[in-house]
2 protein chains.
Amino acid sequence: MTGPRRRRPATEAKVNRLLDATEEIMLREGYAAVSSRSVAAKVGIQAPLVHYYFPTIDDLFLGVLRRRAEPNVDRMAAALDSEKPLREWWQLAADPRGTSLFVELLAAANHRPALREEVGKVARDVRRMQVDRLSTLVGEYGLDAAEFPPALIAAAMQGIAFALVSDQTAGYDTAHEEAAAAMARVLDRLEERRVRRRRRVKL
Amino acid sequence: MTGPRRRRPATEAKVNRLLDATEEIMLREGYAAVSSRSVAAKVGIQAPLVHYYFPTIDDLFLGVLRRRAEPNVDRMAAALDSEKPLREWWQLAADPRGTSLFVELLAAANHRPALREEVGKVARDVRRMQVDRLSTLVGEYGLDAAEFPPALIAAAMQGIAFALVSDQTAGYDTAHEEAAAAMARVLDRLEERRVRRRRRVKL
DNA sequence: GTCTATATTGAGATAGAC
DNA sequence: GTCTATCTCAATATAGAC
(Lines give C-alpha, C1' and ligand atoms only; values in the text may rest on other atoms or scores of the structure.)
Protein backbone atom coordinates (compact mmCIF):
# COMPACT_ATOMS: atom_id res chain seq x y z
CA MET A 1 0.00 0.00 0.00
CA THR A 2 1.75 3.15 -1.16
CA GLY A 3 -1.40 5.26 -1.56
CA PRO A 4 -2.19 7.25 -4.70
CA ARG A 5 0.75 7.81 -7.02
CA ARG A 6 2.49 11.12 -6.69
CA ARG A 7 2.58 13.18 -9.85
CA ARG A 8 4.90 15.93 -10.89
CA PRO A 9 3.62 19.41 -10.05
CA ALA A 10 3.21 20.35 -13.70
CA THR A 11 1.14 17.25 -14.32
CA GLU A 12 -0.94 17.89 -11.24
CA ALA A 13 -1.68 21.38 -12.50
CA LYS A 14 -2.77 20.11 -15.88
CA VAL A 15 -5.01 17.49 -14.34
CA ASN A 16 -6.68 20.22 -12.37
CA ARG A 17 -7.16 22.36 -15.44
CA LEU A 18 -8.82 19.43 -17.18
CA LEU A 19 -11.13 18.85 -14.23
CA ASP A 20 -11.95 22.55 -14.07
CA ALA A 21 -12.88 22.50 -17.74
CA THR A 22 -15.01 19.40 -17.25
CA GLU A 23 -16.92 20.99 -14.39
CA GLU A 24 -17.48 24.11 -16.44
CA ILE A 25 -18.94 22.11 -19.31
CA MET A 26 -21.13 20.05 -17.01
CA LEU A 27 -22.54 23.19 -15.44
CA ARG A 28 -23.13 25.10 -18.66
CA GLU A 29 -24.18 22.40 -21.09
CA GLY A 30 -24.85 19.32 -19.02
CA TYR A 31 -22.81 16.18 -18.50
CA ALA A 32 -23.69 14.84 -21.94
CA ALA A 33 -21.68 17.64 -23.52
CA VAL A 34 -18.50 16.38 -21.88
CA SER A 35 -16.22 14.72 -24.42
CA SER A 36 -12.52 14.50 -24.95
CA ARG A 37 -12.99 17.07 -27.71
CA SER A 38 -15.00 19.59 -25.74
CA VAL A 39 -12.68 19.37 -22.75
CA ALA A 40 -9.59 19.60 -24.94
CA ALA A 41 -10.99 22.62 -26.78
CA LYS A 42 -11.64 24.44 -23.51
CA VAL A 43 -8.13 23.80 -22.22
CA GLY A 44 -6.46 24.41 -25.57
CA ILE A 45 -4.91 21.02 -26.18
CA GLN A 46 -5.52 18.23 -28.66
CA ALA A 47 -8.38 15.87 -27.98
CA PRO A 48 -6.47 12.59 -27.73
CA LEU A 49 -4.20 14.08 -25.11
CA VAL A 50 -7.07 14.09 -22.68
CA HIS A 51 -6.89 10.31 -22.79
CA TYR A 52 -3.33 10.43 -21.59
CA TYR A 53 -4.39 11.98 -18.31
CA PHE A 54 -7.79 10.29 -18.13
CA PRO A 55 -7.78 7.02 -20.10
CA THR A 56 -11.57 6.89 -20.33
CA ILE A 57 -14.36 9.43 -19.98
CA ASP A 58 -15.50 7.58 -16.89
CA ASP A 59 -12.17 8.48 -15.31
CA LEU A 60 -12.84 12.11 -16.06
CA PHE A 61 -16.18 12.04 -14.27
CA LEU A 62 -14.68 10.06 -11.40
CA GLY A 63 -11.97 12.69 -11.15
CA VAL A 64 -14.54 15.44 -10.84
CA LEU A 65 -16.47 13.48 -8.22
CA ARG A 66 -13.44 12.63 -6.11
CA ARG A 67 -11.95 16.09 -6.17
CA ARG A 68 -15.28 17.52 -4.96
CA ALA A 69 -16.28 14.78 -2.56
CA GLU A 70 -13.47 14.99 -0.06
CA PRO A 71 -13.66 18.68 0.86
CA ASN A 72 -17.45 18.58 0.72
CA VAL A 73 -17.67 15.70 3.15
CA ASP A 74 -15.36 17.61 5.47
CA ARG A 75 -17.44 20.76 5.12
CA MET A 76 -20.63 18.85 5.87
CA ALA A 77 -19.03 17.33 8.95
CA ALA A 78 -18.01 20.79 10.12
CA ALA A 79 -21.48 22.17 9.45
CA LEU A 80 -23.12 19.39 11.46
CA ASP A 81 -20.80 20.12 14.37
CA SER A 82 -21.22 23.88 14.22
CA GLU A 83 -23.32 26.16 16.40
CA LYS A 84 -26.13 26.23 13.81
CA PRO A 85 -26.05 22.81 12.17
CA LEU A 86 -29.14 23.05 9.97
CA ARG A 87 -28.40 26.59 8.93
CA GLU A 88 -24.87 25.76 7.83
CA TRP A 89 -25.97 22.53 6.22
CA TRP A 90 -28.44 24.55 4.18
CA GLN A 91 -25.76 26.99 3.16
CA LEU A 92 -23.81 24.09 1.70
CA ALA A 93 -26.86 22.49 0.08
CA ALA A 94 -28.05 25.72 -1.48
CA ASP A 95 -24.75 26.38 -3.23
CA PRO A 96 -25.71 26.40 -6.90
CA ARG A 97 -22.41 25.15 -8.29
CA GLY A 98 -22.01 22.22 -5.94
CA THR A 99 -25.63 21.14 -6.14
CA SER A 100 -25.85 21.46 -9.91
CA LEU A 101 -22.71 19.41 -10.29
CA PHE A 102 -24.04 16.75 -7.98
CA VAL A 103 -27.28 16.57 -9.96
CA GLU A 104 -25.30 16.17 -13.16
CA LEU A 105 -23.14 13.44 -11.66
CA LEU A 106 -26.27 11.70 -10.40
CA ALA A 107 -27.74 11.83 -13.90
CA ALA A 108 -24.53 10.71 -15.57
CA ALA A 109 -24.24 7.82 -13.10
CA ASN A 110 -27.51 6.56 -14.53
CA HIS A 111 -25.76 4.88 -17.42
CA ARG A 112 -22.18 4.68 -16.19
CA PRO A 113 -21.80 1.76 -13.76
CA ALA A 114 -18.36 2.77 -12.50
CA LEU A 115 -19.60 6.26 -11.67
CA ARG A 116 -22.84 4.93 -10.25
CA GLU A 117 -21.05 2.89 -7.63
CA GLU A 118 -18.87 5.77 -6.51
CA VAL A 119 -21.74 8.26 -6.39
CA GLY A 120 -23.76 5.77 -4.38
CA LYS A 121 -20.94 5.40 -1.90
CA VAL A 122 -20.63 9.15 -1.40
CA ALA A 123 -24.40 9.60 -1.13
CA ARG A 124 -24.69 6.84 1.44
CA ASP A 125 -21.76 8.01 3.55
CA VAL A 126 -22.94 11.62 3.66
CA ARG A 127 -26.50 10.59 4.38
CA ARG A 128 -25.38 8.35 7.22
CA MET A 129 -23.38 11.17 8.74
CA GLN A 130 -26.36 13.52 8.55
CA VAL A 131 -28.81 11.01 9.98
CA ASP A 132 -26.49 10.15 12.87
CA ARG A 133 -26.15 13.77 13.87
CA LEU A 134 -29.83 14.47 13.35
CA SER A 135 -30.84 11.68 15.71
CA THR A 136 -29.72 13.87 18.63
CA LEU A 137 -30.41 17.23 16.96
CA VAL A 138 -34.10 16.60 16.22
CA GLY A 139 -34.99 16.77 19.89
CA GLU A 140 -32.87 19.86 20.45
CA TYR A 141 -34.80 21.64 17.70
CA GLY A 142 -38.00 20.79 19.51
CA LEU A 143 -39.22 18.49 16.76
CA ASP A 144 -41.08 15.24 17.32
CA ALA A 145 -38.75 12.48 16.15
CA ALA A 146 -41.69 10.23 15.36
CA GLU A 147 -43.17 12.78 13.01
CA PHE A 148 -39.94 14.08 11.51
CA PRO A 149 -37.40 11.25 11.53
CA PRO A 150 -33.81 12.08 10.52
CA ALA A 151 -34.20 10.34 7.16
CA LEU A 152 -37.07 12.65 6.18
CA ILE A 153 -35.30 15.80 7.29
CA ALA A 154 -32.17 14.83 5.38
CA ALA A 155 -34.18 14.07 2.23
CA ALA A 156 -36.02 17.36 2.60
CA MET A 157 -32.85 19.41 2.95
CA GLN A 158 -31.31 17.86 -0.12
CA GLY A 159 -34.50 17.70 -2.16
CA ILE A 160 -35.58 21.27 -1.60
CA ALA A 161 -32.10 22.41 -2.53
CA PHE A 162 -32.30 20.32 -5.72
CA ALA A 163 -35.62 21.84 -6.70
CA LEU A 164 -34.63 25.43 -6.00
CA VAL A 165 -31.20 25.24 -7.58
CA SER A 166 -32.38 23.48 -10.72
CA ASP A 167 -35.20 25.98 -11.29
CA GLN A 168 -32.80 28.81 -10.60
CA THR A 169 -29.98 27.75 -12.87
CA ALA A 170 -32.40 26.85 -15.66
CA GLY A 171 -34.02 30.25 -15.26
CA TYR A 172 -37.50 28.84 -14.75
CA ASP A 173 -39.99 31.32 -13.42
CA THR A 174 -41.25 29.38 -10.40
CA ALA A 175 -40.93 31.75 -7.45
CA HIS A 176 -37.80 29.95 -6.26
CA GLU A 177 -36.38 33.11 -4.70
CA GLU A 178 -39.38 33.48 -2.46
CA ALA A 179 -39.14 29.82 -1.51
CA ALA A 180 -35.42 30.09 -0.75
CA ALA A 181 -35.99 33.10 1.48
CA ALA A 182 -38.75 31.29 3.34
CA MET A 183 -36.55 28.22 3.79
CA ALA A 184 -33.83 30.37 5.31
CA ARG A 185 -36.32 31.89 7.74
CA VAL A 186 -37.68 28.50 8.78
CA LEU A 187 -34.17 27.30 9.56
CA ASP A 188 -33.34 30.49 11.42
CA ARG A 189 -36.36 30.01 13.62
CA LEU A 190 -35.36 26.42 14.32
CA GLU A 191 -31.87 27.52 15.29
CA GLU A 192 -33.28 30.14 17.65
CA ARG A 193 -35.52 27.55 19.21
CA ARG A 194 -32.56 25.26 19.77
CA VAL A 195 -30.56 28.00 21.44
CA ARG A 196 -33.44 28.85 23.77
CA ARG A 197 -33.99 25.22 24.68
CA ARG A 198 -30.33 24.69 25.44
CA ARG A 199 -30.20 27.78 27.65
CA ARG A 200 -33.16 26.50 29.57
CA VAL A 201 -31.41 23.22 30.21
CA LYS A 202 -28.22 24.90 31.35
CA LEU A 203 -29.90 27.26 33.75
CA MET B 1 -55.90 27.71 -37.65
CA THR B 2 -56.77 24.07 -38.15
CA GLY B 3 -55.12 22.76 -35.02
CA PRO B 4 -52.63 19.91 -35.02
CA ARG B 5 -52.62 17.82 -38.17
CA ARG B 6 -54.57 14.59 -38.00
CA ARG B 7 -52.57 11.50 -38.75
CA ARG B 8 -53.69 8.11 -39.95
CA PRO B 9 -54.31 5.64 -37.13
CA ALA B 10 -51.42 3.42 -38.18
CA THR B 11 -49.08 6.41 -38.09
CA GLU B 12 -50.40 7.50 -34.73
CA ALA B 13 -49.70 4.03 -33.38
CA LYS B 14 -46.15 4.05 -34.66
CA VAL B 15 -45.51 7.49 -33.21
CA ASN B 16 -46.63 6.18 -29.86
CA ARG B 17 -44.39 3.15 -30.11
CA LEU B 18 -41.45 5.43 -30.81
CA LEU B 19 -42.28 7.61 -27.82
CA ASP B 20 -42.69 4.53 -25.62
CA ALA B 21 -39.26 3.32 -26.69
CA THR B 22 -37.76 6.74 -26.02
CA GLU B 23 -39.22 6.84 -22.50
CA GLU B 24 -37.92 3.37 -21.82
CA ILE B 25 -34.41 4.32 -22.87
CA MET B 26 -34.50 7.53 -20.85
CA LEU B 27 -35.55 5.65 -17.74
CA ARG B 28 -33.08 2.79 -18.07
CA GLU B 29 -30.01 4.45 -19.51
CA GLY B 30 -30.60 8.17 -19.21
CA TYR B 31 -31.53 10.76 -21.80
CA ALA B 32 -28.06 10.78 -23.29
CA ALA B 33 -28.59 7.23 -24.52
CA VAL B 34 -31.47 8.36 -26.72
CA SER B 35 -30.47 8.39 -30.38
CA SER B 36 -32.18 7.63 -33.63
CA ARG B 37 -30.27 4.36 -33.60
CA SER B 38 -31.12 3.26 -30.09
CA VAL B 39 -34.80 4.12 -30.51
CA ALA B 40 -34.96 2.40 -33.90
CA ALA B 41 -33.32 -0.73 -32.50
CA LYS B 42 -35.85 -0.96 -29.69
CA VAL B 43 -38.81 -0.60 -32.06
CA GLY B 44 -37.28 -2.82 -34.74
CA ILE B 45 -37.03 -0.33 -37.59
CA GLN B 46 -34.15 1.32 -39.42
CA ALA B 47 -32.53 4.29 -37.79
CA PRO B 48 -33.18 6.94 -40.43
CA LEU B 49 -36.87 6.16 -40.37
CA VAL B 50 -37.06 7.69 -36.92
CA HIS B 51 -36.28 10.99 -38.63
CA TYR B 52 -39.33 10.62 -40.80
CA TYR B 53 -41.62 10.75 -37.78
CA PHE B 54 -39.42 13.04 -35.71
CA PRO B 55 -37.22 15.20 -37.94
CA THR B 56 -34.80 16.03 -35.14
CA ILE B 57 -33.94 14.45 -31.81
CA ASP B 58 -35.33 17.57 -30.15
CA ASP B 59 -38.70 16.69 -31.65
CA LEU B 60 -38.46 13.27 -30.04
CA PHE B 61 -37.90 14.75 -26.59
CA LEU B 62 -40.61 17.33 -27.18
CA GLY B 63 -42.94 14.49 -28.14
CA VAL B 64 -42.24 12.71 -24.87
CA LEU B 65 -42.75 15.91 -22.89
CA ARG B 66 -46.02 16.85 -24.59
CA ARG B 67 -47.55 13.42 -24.39
CA ARG B 68 -46.83 13.34 -20.66
CA ALA B 69 -47.57 16.95 -19.83
CA GLU B 70 -51.22 17.17 -20.78
CA PRO B 71 -52.61 14.29 -18.71
CA ASN B 72 -50.28 15.13 -15.84
CA VAL B 73 -51.44 18.73 -15.68
CA ASP B 74 -55.02 17.47 -15.62
CA ARG B 75 -54.19 14.97 -12.90
CA MET B 76 -52.51 17.66 -10.81
CA ALA B 77 -55.54 19.92 -11.21
CA ALA B 78 -57.81 17.09 -10.08
CA ALA B 79 -55.55 16.34 -7.10
CA LEU B 80 -55.57 19.97 -5.99
CA ASP B 81 -59.37 20.01 -6.15
CA SER B 82 -59.80 16.68 -4.36
CA GLU B 83 -60.77 16.01 -0.77
CA LYS B 84 -57.12 15.49 0.23
CA PRO B 85 -55.16 17.85 -1.97
CA LEU B 86 -51.67 17.41 -0.50
CA ARG B 87 -52.06 13.66 -0.16
CA GLU B 88 -53.06 13.22 -3.78
CA TRP B 89 -50.47 15.68 -4.98
CA TRP B 90 -47.86 13.60 -3.20
CA GLN B 91 -49.14 10.43 -4.80
CA LEU B 92 -48.52 12.02 -8.17
CA ALA B 93 -45.14 13.45 -7.21
CA ALA B 94 -43.90 10.19 -5.71
CA ASP B 95 -44.56 8.19 -8.89
CA PRO B 96 -41.10 6.91 -9.85
CA ARG B 97 -41.66 6.75 -13.61
CA GLY B 98 -43.13 10.20 -13.99
CA THR B 99 -40.64 11.87 -11.68
CA SER B 100 -37.62 10.12 -13.16
CA LEU B 101 -38.72 11.11 -16.64
CA PHE B 102 -39.19 14.70 -15.56
CA VAL B 103 -35.71 14.76 -14.05
CA GLU B 104 -34.26 13.41 -17.28
CA LEU B 105 -36.12 16.00 -19.34
CA LEU B 106 -34.92 18.70 -16.99
CA ALA B 107 -31.35 17.53 -17.46
CA ALA B 108 -31.68 17.19 -21.22
CA ALA B 109 -33.17 20.67 -21.42
CA ASN B 110 -29.87 21.92 -20.05
CA HIS B 111 -28.29 21.91 -23.49
CA ARG B 112 -31.31 21.84 -25.77
CA PRO B 113 -32.83 25.31 -26.06
CA ALA B 114 -36.05 24.16 -27.73
CA LEU B 115 -36.69 21.66 -24.98
CA ARG B 116 -35.63 24.08 -22.31
CA GLU B 117 -38.29 26.57 -23.26
CA GLU B 118 -41.07 23.98 -23.29
CA VAL B 119 -39.99 22.41 -19.99
CA GLY B 120 -39.86 25.87 -18.45
CA LYS B 121 -43.39 26.59 -19.63
CA VAL B 122 -44.75 23.39 -18.14
CA ALA B 123 -42.85 23.88 -14.88
CA ARG B 124 -44.11 27.44 -14.54
CA ASP B 125 -47.73 26.63 -15.36
CA VAL B 126 -47.90 23.72 -12.95
CA ARG B 127 -46.17 25.68 -10.21
CA ARG B 128 -48.57 28.58 -10.65
CA MET B 129 -51.54 26.24 -10.38
CA GLN B 130 -50.15 24.72 -7.19
CA VAL B 131 -49.29 28.06 -5.61
CA ASP B 132 -52.74 29.48 -6.42
CA ARG B 133 -54.49 26.60 -4.76
CA LEU B 134 -52.09 26.56 -1.81
CA SER B 135 -52.77 30.21 -1.04
CA THR B 136 -56.15 29.20 0.35
CA LEU B 137 -55.17 25.69 1.45
CA VAL B 138 -52.32 26.74 3.74
CA GLY B 139 -54.72 28.26 6.24
CA GLU B 140 -57.04 25.28 6.09
CA TYR B 141 -54.15 23.01 7.02
CA GLY B 142 -53.52 25.18 10.04
CA LEU B 143 -50.16 26.38 8.78
CA ASP B 144 -48.82 29.89 9.19
CA ALA B 145 -48.67 31.37 5.69
CA ALA B 146 -45.84 33.69 6.73
CA GLU B 147 -43.69 30.79 7.81
CA PHE B 148 -44.68 28.33 5.09
CA PRO B 149 -45.57 30.31 1.97
CA PRO B 150 -47.03 28.39 -0.98
CA ALA B 151 -43.80 28.68 -2.96
CA LEU B 152 -41.86 26.84 -0.25
CA ILE B 153 -44.44 24.11 0.15
CA ALA B 154 -44.55 23.54 -3.60
CA ALA B 155 -40.76 23.38 -3.81
CA ALA B 156 -40.67 20.98 -0.87
CA MET B 157 -43.23 18.62 -2.38
CA GLN B 158 -41.39 18.43 -5.64
CA GLY B 159 -37.90 18.44 -4.19
CA ILE B 160 -38.46 15.71 -1.63
CA ALA B 161 -40.02 13.58 -4.36
CA PHE B 162 -36.94 14.21 -6.54
CA ALA B 163 -34.57 13.17 -3.79
CA LEU B 164 -36.45 10.05 -2.79
CA VAL B 165 -37.18 8.85 -6.30
CA SER B 166 -33.66 9.40 -7.55
CA ASP B 167 -32.10 7.55 -4.62
CA GLN B 168 -34.66 4.79 -5.02
CA THR B 169 -34.28 4.21 -8.75
CA ALA B 170 -30.49 4.41 -8.52
CA GLY B 171 -30.59 1.90 -5.68
CA TYR B 172 -28.65 4.11 -3.28
CA ASP B 173 -28.77 2.98 0.30
CA THR B 174 -30.00 6.20 1.93
CA ALA B 175 -33.03 5.18 4.01
CA HIS B 176 -35.38 6.60 1.41
CA GLU B 177 -38.11 4.09 2.30
CA GLU B 178 -38.18 5.32 5.86
CA ALA B 179 -38.30 8.91 4.64
CA ALA B 180 -41.12 8.19 2.20
CA ALA B 181 -43.19 6.52 4.90
CA ALA B 182 -42.65 9.49 7.22
CA MET B 183 -43.62 11.92 4.47
CA ALA B 184 -46.87 10.03 3.92
CA ARG B 185 -47.64 10.20 7.64
CA VAL B 186 -46.92 13.92 7.83
CA LEU B 187 -49.33 14.56 4.97
CA ASP B 188 -51.98 12.28 6.48
CA ARG B 189 -51.82 14.26 9.70
CA LEU B 190 -52.19 17.51 7.79
CA GLU B 191 -55.22 16.18 5.95
CA GLU B 192 -56.81 15.10 9.24
CA ARG B 193 -56.17 18.52 10.69
CA ARG B 194 -57.82 20.14 7.70
CA VAL B 195 -60.91 17.95 8.03
CA ARG B 196 -61.24 18.74 11.73
CA ARG B 197 -60.85 22.47 11.14
CA ARG B 198 -63.45 22.47 8.39
CA ARG B 199 -65.92 20.58 10.56
CA ARG B 200 -65.43 23.11 13.29
CA VAL B 201 -66.24 25.93 10.90
CA LYS B 202 -69.33 24.23 9.57
CA LEU B 203 -70.77 23.46 13.00
C1' DG C 1 6.88 11.14 -19.40
C1' DT C 2 4.35 13.79 -22.93
C1' DC C 3 1.96 14.36 -26.97
C1' DT C 4 0.10 13.33 -32.09
C1' DA C 5 -1.46 10.74 -36.14
C1' DT C 6 -4.82 7.79 -37.07
C1' DA C 7 -8.35 3.91 -36.65
C1' DT C 8 -13.00 2.76 -35.73
C1' DT C 9 -17.49 3.36 -34.44
C1' DG C 10 -21.74 5.63 -34.13
C1' DA C 11 -24.18 10.07 -34.23
C1' DG C 12 -27.72 13.19 -36.80
C1' DA C 13 -29.60 14.21 -40.96
C1' DT C 14 -30.99 14.25 -46.16
C1' DA C 15 -31.98 12.96 -50.83
C1' DG C 16 -34.38 10.22 -53.20
C1' DA C 17 -36.47 5.28 -54.09
C1' DC C 18 -40.77 2.84 -53.67
C1' DG D 1 -47.22 8.63 -47.46
C1' DT D 2 -43.53 5.44 -46.09
C1' DC D 3 -39.03 3.84 -45.98
C1' DT D 4 -33.74 3.17 -47.38
C1' DA D 5 -29.09 4.22 -49.15
C1' DT D 6 -25.84 7.24 -48.05
C1' DC D 7 -23.41 11.60 -46.51
C1' DT D 8 -20.89 14.17 -43.02
C1' DC D 9 -19.06 14.79 -38.82
C1' DA D 10 -17.90 13.99 -34.04
C1' DA D 11 -17.04 10.49 -30.47
C1' DT D 12 -13.74 7.29 -27.93
C1' DA D 13 -9.66 5.18 -28.01
C1' DT D 14 -4.89 3.29 -29.41
C1' DA D 15 -0.38 2.83 -31.38
C1' DG D 16 3.46 4.86 -31.70
C1' DA D 17 6.45 9.34 -32.35
C1' DC D 18 9.17 12.60 -29.71
Side-chain angles (χ1 to χ4, degrees), chain A residues 2 4-19 21-22 24-26 28-64 104 107-116, chain B residues 2 4-19 21-22 24-26 28-64 104 107-116:
Chain A
T2 54
R5 275 189 294 282
R6 285 262 177 79
R7 270 194 279 221
R8 290 173 42 193
T11 302
E12 193 74 25
K14 200 156 218 173
V15 162
N16 272 320
R17 279 178 61 210
L18 286 173
L19 293 179
T22 305
E24 210 55 43
I25 294 167
M26 289 175 76
R28 291 158 87 113
E29 307 169 61
Y31 76 88
V34 172
S35 70
S36 47
R37 280 172 136 84
S38 64
V39 172
K42 207 165 202 77
V43 173
I45 63 175
Q46 300 240 22
L49 184 49
V50 173
H51 289 290
Y52 168 64
Y53 295 99
F54 298 94
T56 72
I57 301 295
D58 268 342
D59 293 322
L60 201 50
F61 284 119
L62 283 173
V64 168
E104 289 295 327
N110 227 343
H111 63 292
R112 291 180 174 273
L115 189 56
R116 183 197 191 97
Chain B
T2 55
R5 276 190 294 283
R6 286 263 177 78
R7 270 193 280 220
R8 289 175 41 194
T11 302
E12 192 73 26
K14 200 156 217 169
V15 163
N16 271 319
R17 279 177 60 209
L18 287 172
L19 293 179
T22 306
E24 210 57 39
I25 294 167
M26 290 175 75
R28 291 157 87 114
E29 305 168 63
Y31 76 88
V34 172
S35 70
S36 48
R37 284 171 136 84
S38 64
V39 172
K42 208 167 201 75
V43 172
I45 62 175
Q46 300 240 24
L49 184 50
V50 172
H51 289 289
Y52 169 63
Y53 295 98
F54 297 94
T56 73
I57 300 295
D58 269 342
D59 293 321
L60 202 50
F61 284 120
L62 283 174
V64 168
E104 289 296 327
N110 227 342
H111 63 293
R112 292 179 173 273
L115 189 55
R116 183 196 191 96

Next item on the list: Using atom CD of B:Q46 as one end and atom P of C:dG16 as the other, report the distance to the nearest whole Å.
Entry: 19 Å

Notebook entry, point to check: Where does the angle between the aromatic ring planes of A:Y31 and A:F61 fall among parallel (under 30°), tilted (30 to 60°) and perpendicular (over 60°)?
Noted result: perpendicular

Check: About how many Å separate NE2 of A:H51 and CD1 of A:I57, when rounded to the nearest 0.5 Å?
Finding: 5.0 Å

Item checked: Atom of B:A114, atom of B:L62 and distance for their closest heavy-atom approach -> O-CD2, 4.2 Å

Check: Closest heavy-atom contact between A:S38 and A:A33?
Finding: OG-O, 2.9 Å

Check: NE2 of A:H111 versus P of D:dA11: gap in Å, rounded?
Finding: 14 Å

Item checked: Phosphate contact (D:dT2 OP1 or OP2) by B:K14 side-chain N/O below 4.0 Å -> no

Check: With sugar-phosphate meaning primed atoms plus P, OP1 and OP2, does B:I57 contact a base, only sugar-phosphate, or nothing at under 4.0 Å between heavy atoms?
Finding: sugar-phosphate

Notebook entry, point to check: For the pair made of NE2 in A:H51 and P in C:dA5, what is the distance, rounded to whole Å?
Noted result: 16 Å

Next item on the list: Classify the nucleic acid contact of A:V34 as base, sugar-phosphate or nothing, counting any heavy atom under 4.0 Å across all strands shown.
Entry: sugar-phosphate

Checklist line | Atom-pair distance (CZ on B:F54; P on D:dG1), nearest Å | finding: 16 Å

Note to self: Quick check: on DNA chain D, is the nucleotide nearest A:L49 upstream (toward 5') of the one nearest A:A33, or the reverse? Name the residue that is more 5'.
What the structure shows: A:A33

Next item on the list: Return yes if some donor-acceptor pair links the side-chain N/O of A:S36 with the main-chain N/O of A:V50 below 3.5 Å, else return no.
Entry: no

Next item on the list: Could you tell me the separation between the CG atom of B:L60 and the P atom of C:dA13, rounded to a whole number of Å?
Entry: 11 Å

Item checked: side-chain N/O A:R37 vs D:dA10 OP1/OP2, d < 4.0 Å -> no

Notebook entry, point to check: Counting side-chain heavy atoms from C-beta on, which of C:dA5, C:dC3, D:dT12 comes nearest to A:P48?
Noted result: C:dA5

Notebook entry, point to check: Do any side-chain nitrogens or oxygens of A:T11 fall under 4.0 Å of OP1 or OP2 in C:dT2?
Noted result: yes

Check: Has B:Y52 got a side-chain N or O lying under 4.0 Å from the OP1 or OP2 atom of D:dC3?
Finding: no

Item checked: Spacing of A:R112 atom CZ relative to D:dA11 atom C1', expressed in whole Å -> 11 Å

Notebook entry, point to check: Under 4.0 angstrom, heavy atoms only, what part of the nucleic acid is A:S35 near: base, sugar-phosphate, or nothing?
Noted result: sugar-phosphate

Checklist line | Interatomic distance where OH belongs to A:Y31 and C1' belongs to D:dA11 [whole Å] | finding: 15 Å

Margin query: I need the OH-C1' distance between A:Y53 and C:dT2, as an integer number of Å.
Written below: 6 Å

